[in-house]
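These figures come from a predicted structure and were not determined experimentally. Within every chain, numbering begins at 1; the chains are lettered A, B, ... in the order of the sequence lines, protein sequences first and strands thereafter.
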Amino acid sequence: MAMNKLESIFEKFINKSSIFLNHEVLRHDFIPDELPHREEEILKFGEILAPSLRGLKCSNLFVYGKTGTGKTAVARYVLRQLQKKSLELNRKVTICYVNCRTIGTEYRILSSMCSAIGVKIPFTGLATAEVLKRFKTRINDLNVSFIVALDEVDVLVKNHGDDMLYALTRINEELSQSKVSVIGISNDLYFKDMLDPRVISSLSEEEIVFKPYTAEQIKDILLQRVRLAFQPNSFPESTLNFCAALAAAEHGDARRALDLVRVAGEIAERKGEKIVREEHVQEAQRKIEHDRVFEVLSSLPLHSKILLYSAYMLSKNNNEATTGSLYDVYRVLCERFNVEALTQRRVNSLLTELAMLGILDARIVNLGRYGRTKKIRVNVSEETFKKVFSTDERLKFLGLSGK
DNA sequence: CTTCCACCGGAAGTACCGGTAA
DNA sequence: TTACCGGTACTTCCGGTGGAAG
């Protein structure tokens, strides 16, 4: 019986779905052959990078715009075309794309730049300056145009400052053969305020700003992908409009829209339906949010979880948690756990991190005579919360599932 | 008006880890 | 082997602060 059900799940998968044609095109890292409503940006991008094909140094470029406005897609698209063209014409252009959120340190960024030109660098052990030196020596021998795209540079600068950017923008002064150009991509519109003026002026020789998509534009984007991704007629226009409207409400985030489409499709498929409807999209929206929270929560370090649990307990007793009261509860819990409690300073930092992840609301409030503190409110549904805590071995004996 | 609470949050330092170079 | 590197996670120290109480 159970076996039959399991088998039918596998069967469904193998017999190609009734809804999807090609699931891949809805993934984040998929770059379509055409990027609707970004022609202008693509052309400008191309114009700026074109000199590299003639062995000239191209201007450094600074790109900014909110999430899901197509910055990354355009950048990768243009770079791919450029690479293709350079091979056709037999010109030496080397491209290195780095996402500074995933590769978040100066050392590792430099080391991926090195590997782009075939220099092997150990993943730790060297001085950063040494890695830069090796990069310089090698690249000078190669006589190439080198283009680094630093996606989400704001993350790098927030954590490690702009020293590396400075070094990169000045690197050409020490090179006689090759040229290095830098493309900085940022979600944060106020990113420039964090930079040294010298870095700003050399990094933003050129600038491209990506505006959020309108609902109409998102609709076009979705239309293009839906045609590739779904069986004909299984994703009606009304459903598509609904997705576009939802995403447009969230500052025109195309990535969000594609997520909605993909997950809604998966839900419809799992229910064995042939057509994706609005209710599937609504369910998708809930699922995406739930998954996100669950994912973030379960990957949290132990102390953050205990902290969260403390806040949860306080809110259950109708006490508004302040840093102080929360810390008291936290210490008691740690003792019960046989875990050494962290200092309040550290706890405060963890709290700010949790707040940034959107798991907590932490407002700083002034109570005059009674000091200044953070008011903390947990932002997670009880259901999600229980699920996370009952799946963590170390927290099990709290017996949360029983309560 | 001043005082002063209960914390905030920056800066610097410590310990450890996994690694290289000579 | 020794000296040193960067990254992470944490501690210690401490100056700073908005506004109710006095």
Only pairs under 3.5 Å count here: list side-chain donor-acceptor contacts from residues 140-148 of chain A, not counting sequence neighbours, and write none if there are none.
unit_1	atom_1	unit_2	atom_2	d
A:Asn140	OD1	A:Ser176	N	3.0
A:Asn140	OD1	A:Gln177	N	2.9
A:Asn140	ND2	A:Ser176	OG	3.3
A:Ser145	OG	A:Ser52	O	3.4

remark   = Partner of A:Asp151 under side chain to side chain donor-acceptor pair (under 3.5 Å), picked from A:Asn187, A:Thr102, A:Thr72, is A:Thr72
ask   = Taking only residues two or more places apart in sequence or in another chain, which ones pass salt bridge (charged side-chain N to carboxylate O under 4.0 Å, His left out) with A:Lys374?
value = none
ask   = How long is the line joining CD1 of A:Ile121 and P of B:dG18, in whole Å?
value = 21 Å
query = Who are the side chain to side chain donor-acceptor pair (under 3.5 Å) partners of A:Arg292, not counting sequence neighbours?
reply = A:Glu289
key: Residue list, salt bridge (charged side-chain N to carboxylate O under 4.0 Å, His left out) with A:Glu335, at least two apart or on another chain   = none
message = Check whether A:His160 reaches the backbone of A:Val155 with its side chain - one donor and one acceptor, N or O, closer than 3.5 Å.
response = no
For a quick test of your reading: what N or O donor-acceptor pairs under 3.5 Å do the side chains of residues 242-256 of chain A make, sequence neighbours left out?
unit_1	atom_1	unit_2	atom_2	d
A:Asp253	OD1	A:Arg255	N	3.0
A:Asp253	OD1	A:Arg256	N	3.1

task = Starting from the first five and the last five pairs of the helix from B:dC1-C:dG22 to B:dA22-C:dT1, work out the angle between the resulting helix axes, to 10 degrees.
result = 30°
Any side-chain heavy-atom pair of A:Glu273 and A:His280 under 4.5 Å = yes
query = For A:Glu207, does its backbone N or O pair with a side-chain atom of A:Ser204 as donor and acceptor, under 3.5 Å?
reply = no
note = side chain to side chain donor-acceptor pair (under 3.5 Å) filter on A:Thr323, not counting sequence neighbours, yields A:Thr373
task = Whole angstrom is fine here: how far is it from NZ in A:Lys375 over to C1' in C:dG19?
result = 14 Å
request  = For DNA chain C, determine which residues of residues 150-159 of chain A have any heavy atom closer than 4.0 angstrom to one of its atoms, and list them numerically.
outcome  = none
request  = Take atom CG of A:Leu350 and atom P of B:dG9, then tell me their distance rounded to the nearest Å.
outcome  = 13 Å
ask   = Is the shortest distance from a Lys or Arg side-chain nitrogen in A:Arg277 or A:Glu283 to a carboxylate oxygen in the other one below 4.0 Å?
value = no
ask   = Closer than 4.0 Å, any side-chain N/O of A:Thr373 to the OP1 or OP2 of B:dA6?
value = no
ask   = Contact class for A:Ser349 (heavy atom, under 4.0 Å): base, sugar-phosphate, or nothing?
value = nothing
Tabulated below should be each protein N or O lying under 3.5 Å from an N or O of nucleotides 20-22 of chain B; please produce it.
unit_1	atom_1	unit_2	atom_2	d
B:dA21	OP1	A:Arg134	NH2	3.0

request  = Using the six-membered ring of A:Tyr97, assess whether NZ or CZ of A:Arg80 lies under 6.0 Å from its centre and within 45 degrees of the ring axis.
outcome  = no
remark   = Scoring nucleotides 13-18 of chain C by protein non-hydrogen atoms under 4.0 Å (B base, S sugar-phosphate only, - none) yields B---BB
query = A:Arg363 CZ to B:dC7 C1': how many Å, rounded?
reply = 15 Å
request  = Step through it carefully: locate the ring centre of A:Phe191, locate the ring centre of A:Tyr64, and say whether they are under 6.0 Å apart.
outcome  = no
inquiry  = Heavy atoms within less than 4.0 Å of DNA chain B: which residues of residues 96-114 of chain A have one? Give them sorted by number.
reply    = none
query = Tell me: NZ of A:Lys374 to C1' of B:dC5, nearest whole Å?
reply = 17 Å
ask   = Picking from C:dC5, C:dC10, B:dC8, which would you name as closest to the side chain of A:Asn348?
value = B:dC8
request  = Could you tell me the separation between the CG atom of A:Leu307 and the C1' atom of C:dA9, rounded to a whole number of Å?
outcome  = 15 Å
key: Residue A:Thr343, side-chain heavy atoms: nucleotide from B:dC8, C:dT11, B:dC7 that is nearest   = C:dT11
ask   = Listed by chain and number, what are the side chain to side chain donor-acceptor pair (under 3.5 Å) partners of A:Ser178, not counting sequence neighbours?
value = none
task = Say whether A:Thr352 and A:Ser349, considering side chains only, have a donor N or O and an acceptor N or O under 3.5 Å apart.
result = no
query = Does the side chain of A:Phe20 reach to within under 4.5 Å of the side chain of A:Leu26, using non-hydrogen atoms?
reply = yes
For atom CD of A:Gln344 and atom C1' of C:dC10, their distance in whole Å = 15 Å
ask   = In whole angstrom, what separates A:Glu130's CD from C:dC5's P?
value = 11 Å
task = Inspect the contact between A:Glu237 and A:Lys219 and indicate whether a charged nitrogen and a carboxylate oxygen are less than 4.0 angstrom apart.
result = yes
